[in-house]
2 protein chains.
Amino acid sequence: MRGLLADAQLDAILVTDLNNIRYLTGFTGSNAALLVHVTEERRTLFSTDGRYQTQANTEVPDLEHVLERASAAALLGRAAAEPASYGRVGFESQLVSVDAYSTMTEQAEGVELRRAPGLTEQLRMVKDESEIDALRMASAAADRALADLIEHGGVRAGWTERQVARELENLMLDHGSDGAAFPSIVAAGQYSAIPHHRPTDAVLADGDFVKLDFGAVIDGYHSDVTRMLVIGKPAAWQRDLYSLVLTSQAAGCAASRPGEKVSDVDDAARGVIERAGYGDEFSHGLGHGVGLEVHEAPSLTKTGIGTLSAGMTVTVEPGVYLVGRGGVRIEDTLVVTTEGSEILTLSTKDLMTV
Amino acid sequence: MRGLLADAQLDAILVTDLNNIRYLTGFTGSNAALLVHVTEERRTLFSTDGRYQTQANTEVPDLEHVLERASAAALLGRAAAEPASYGRVGFESQLVSVDAYSTMTEQAEGVELRRAPGLTEQLRMVKDESEIDALRMASAAADRALADLIEHGGVRAGWTERQVARELENLMLDHGSDGAAFPSIVAAGQYSAIPHHRPTDAVLADGDFVKLDFGAVIDGYHSDVTRMLVIGKPAAWQRDLYSLVLTSQAAGCAASRPGEKVSDVDDAARGVIERAGYGDEFSHGLGHGVGLEVHEAPSLTKTGIGTLSAGMTVTVEPGVYLVGRGGVRIEDTLVVTTEGSEILTLSTKDLMTV
């Protein structure tokens, strides 16, 4: 972060996003602010309120603590008191509201506040070993929950989408997840053609495609996986559609290598679907970064900018949606390695039948 | 809303907060923007993207729809094309980020953008009958889940806080809740002294206070309730502390009447605790509005501004926290009526023992 601050010619940055604070300090409470100084550790200040005093002593042992409910205001006050050291302070302009910024300018009189969007997010893109371990565990919890769900007959004709989602989320908790990474998608029959369908009381029936898109959370890190099942014997069109998306997904995974442009990764998977004549039915991007948030940088899309690097964790999730009929999406969470990539979500990608 | 716009001398307001859009239009999707014109219904425009076309036709039948992924930009473009009708447009400056605002000014060339924070939130404070019905159902779902939990022996020595929280959340789903209103708090023994403790693997033991703070969601509306139990026979200090907080809570409920200053409601409950010498151990506000969000306006605090009106739904939740020993909070969700108030969360407030 100090390198980024020096590049941006900032004396410090005020970090107010809680995920960014967690990333930089390890603090997991619900109220905090952090002022990172470009060169001096002793001028890097952490603020939270009295409720979190004990927790902050454990989680953030190395920084000076300012105990104040209005954490950001307290740190700006400290900066304003030493303008020689904090003359130019960046703030997270992609997140701070217009009203909050206006208040900040009053609190930081004499300090030049500068927009500095996305600096921590840029660092968060590349995961270290302990972050990858957490993502690996979150992926394993999701995989195991799915295996249990199928083994226990949790996906079957007569059950509702809501029942299946609930059972799946409970099984993730059994396998150590701290909760669902996002509201699980269970989409049966024609609802499988809705990319982000929410589970309803619709009843699963023989011949249905069932799309399961879900993830677990371990130590704050999210997994994200999508698998498909058919209830009963798959029809020819279901096998064909599945096979097409599987080929596309494999191409996307193979293209996920360090140095590859994110738009080229999207293109590698999208091309397979376009050449089969279903380009218009693949209506979303190929994937997204995943970590402390379930959607974070980078975006693997047609218009995405940047290249992959070792340590980035992304999803690869092409889909084809035939309105009124059914749709297929297949998704993995994977980590880019120095050589290529490693898939973290290991559930079978054979078209499952129950 | 049109009255508020006229008062603020605005031609229109751009609403981008999804809860505010849901409140004003009924739309429940995850991408939308709304431009409300001060006088003309036909100049009130709704925008969402293609994924939600069908849903928008059902949920928002009366407004013109603009189908565009960049919904806010699309509506600002429409405004900029008719500066005579949309010369001065308000925006939600309490929520729109500095960067988003900067982009908006480019998209709305020729339109004067004005800060207009909290207008919809002001309207949302007073609930209509259908909203109160939803809050009543959400309160009943939480009440029934608690009754089931206790009847089934779901709070007992040997169980962990996490197990209890999970069982309680499952029971709310059984009673029709769409999910937990917020991560449920289950805090046993000395953890009951932490106001917002997260459930851990700590095991419930004989003699423990157990604090349960939880809520259900029905049709987007949230309930919020806190009840206390003791495992085994309550000690004298536990009975005394409980009795004190119960008296304070009753005073807060009695003071919740139309026309009452929110700070006076806080004072009515806080005074009971202060006079008993525990003022410093009641470390938070008395309550908050509850509706489409679990925390919304008004705030029932010492420094809160404004008065209660019929139709407002608020929590009343005094607490006393004795660090290292245990704490008590008792909380109801209630609706202010023309005469006084009606409590929606009806679980017994006798100190329960299991």
Side-chain angles (χ1 to χ4, degrees), chain A residues 16-17 28-31 49-55 69 91-105 113-118 162-163 165-167 169-170 172-174 176-180 182-184 193-201 280 283-285 303 321 323-324, chain B residues 16-17 28-31 49-55 69 91-105 113-118 162-163 165-167 169-170 172-174 176-180 182-184 193-201 217 280 283-285 321 323-324:
Chain A
T16 48
D17 177 71
T28 59
S30 71
N31 179 35
D49 63 70
R51 293 175 298 165
Y52 293 112
Q53 184 168 9
T54 313
Q55 185 176 333
R69 177 70 74 144
F91 71 100
E92 297 173 307
S93 51
Q94 83 280 21
L95 298 166
V96 171
S97 77
V98 171
D99 287 352
Y101 172 67
S102 167
T103 305
M104 280 166 54
T105 57
L113 289 175
R114 283 224 184 161
R115 288 198 217 175
R162 277 171 65 125
Q163 281 176 302
R166 186 170 158 185
E167 181 66 15
E169 293 187 358
N170 267 315
M172 287 196 288
L173 294 175
D174 283 342
S177 176
D178 291 325
F182 51 89
S184 305
I194 301 175
H196 284 96
H197 178 66
R198 282 174 295 190
T200 67
D201 289 326
D280 289 345
S283 50
H284 54 72
T303 55
Y321 310 96
V323 175
Chain B
T16 47
D17 177 71
T28 59
S30 72
N31 178 35
D49 64 70
R51 293 176 298 166
Y52 293 113
Q53 185 168 8
T54 313
Q55 184 176 334
R69 177 69 75 142
F91 71 100
E92 296 174 307
S93 52
Q94 83 281 20
L95 299 167
V96 171
S97 78
V98 170
D99 287 351
Y101 172 68
S102 167
T103 306
M104 280 166 55
T105 57
L113 289 175
R114 282 225 185 162
R115 287 199 219 175
R162 277 171 65 127
Q163 282 177 301
R166 185 170 158 185
E167 180 66 13
E169 293 187 358
N170 267 315
M172 287 196 287
L173 294 175
D174 283 342
S177 176
D178 292 324
F182 51 89
S184 305
I194 301 175
H196 285 95
H197 177 68
R198 282 174 294 190
T200 66
D201 289 326
V217 186
D280 289 344
S283 50
H284 54 72
Y321 310 96
V323 175

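Owing to the predicted nature of the structure, the values given are computational and were not obtained by experimental measurement. Proteins get letters first, then strands, A, B, ... in listed order; numbering begins at 1 in each. We use all heavy atoms of the structure for the numbers below, so side chains are in, but hydrogens, waters and symmetry mates are not.
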Are [X] and [Y] close enough that some pair of their side-chain heavy atoms sits under 4.5 Å apart?
X: Thr28(A); Y: Arg198(B); value: yes
X: Arg51(A); Y: Ile194(B); value: no
X: Asn170(B); Y: Glu169(A); value: no
X: Arg162(B); Y: Asp178(A); value: yes

Heavy-atom proximity to chain A below 4.5 Å, by part of [X]:
X: Leu173(B); result: both
X: Asp201(B); result: neither
X: Gln55(B); result: side chain
X: His284(B); result: neither

#### Entry: Among the listed options Pro117(B), Ser97(B), Gly179(B), Pro195(B), the residue most often paired with chain A at heavy-atom distances under 4.5 Å
Ser97(B)

### Task
Below 4.5 Å from any heavy atom of chain B, which atoms of Phe91(A) appear? Answer side chain, backbone, both or neither.
side chain

### Task
Let me know if Ser283(A) has heavy atoms under 4.5 Å from chain B in its side chain, its backbone, both or neither.
backbone

### Query
Taking all atoms of both residues into account, what is the closest heavy-atom pair of Asp99(B) and Gln94(A), and its distance?
OD2-N, 3.2 Å

### Task
Could you tell me which of Ser93(A), Gly50(A), Ser30(A) has the largest number of non-hydrogen atom pairs under 4.5 Å with chain B?
Ser93(A)

### Task
May I ask you to check whether Ser102(B) and Arg115(A) show a side-chain donor-acceptor distance below 3.5 Å?
yes

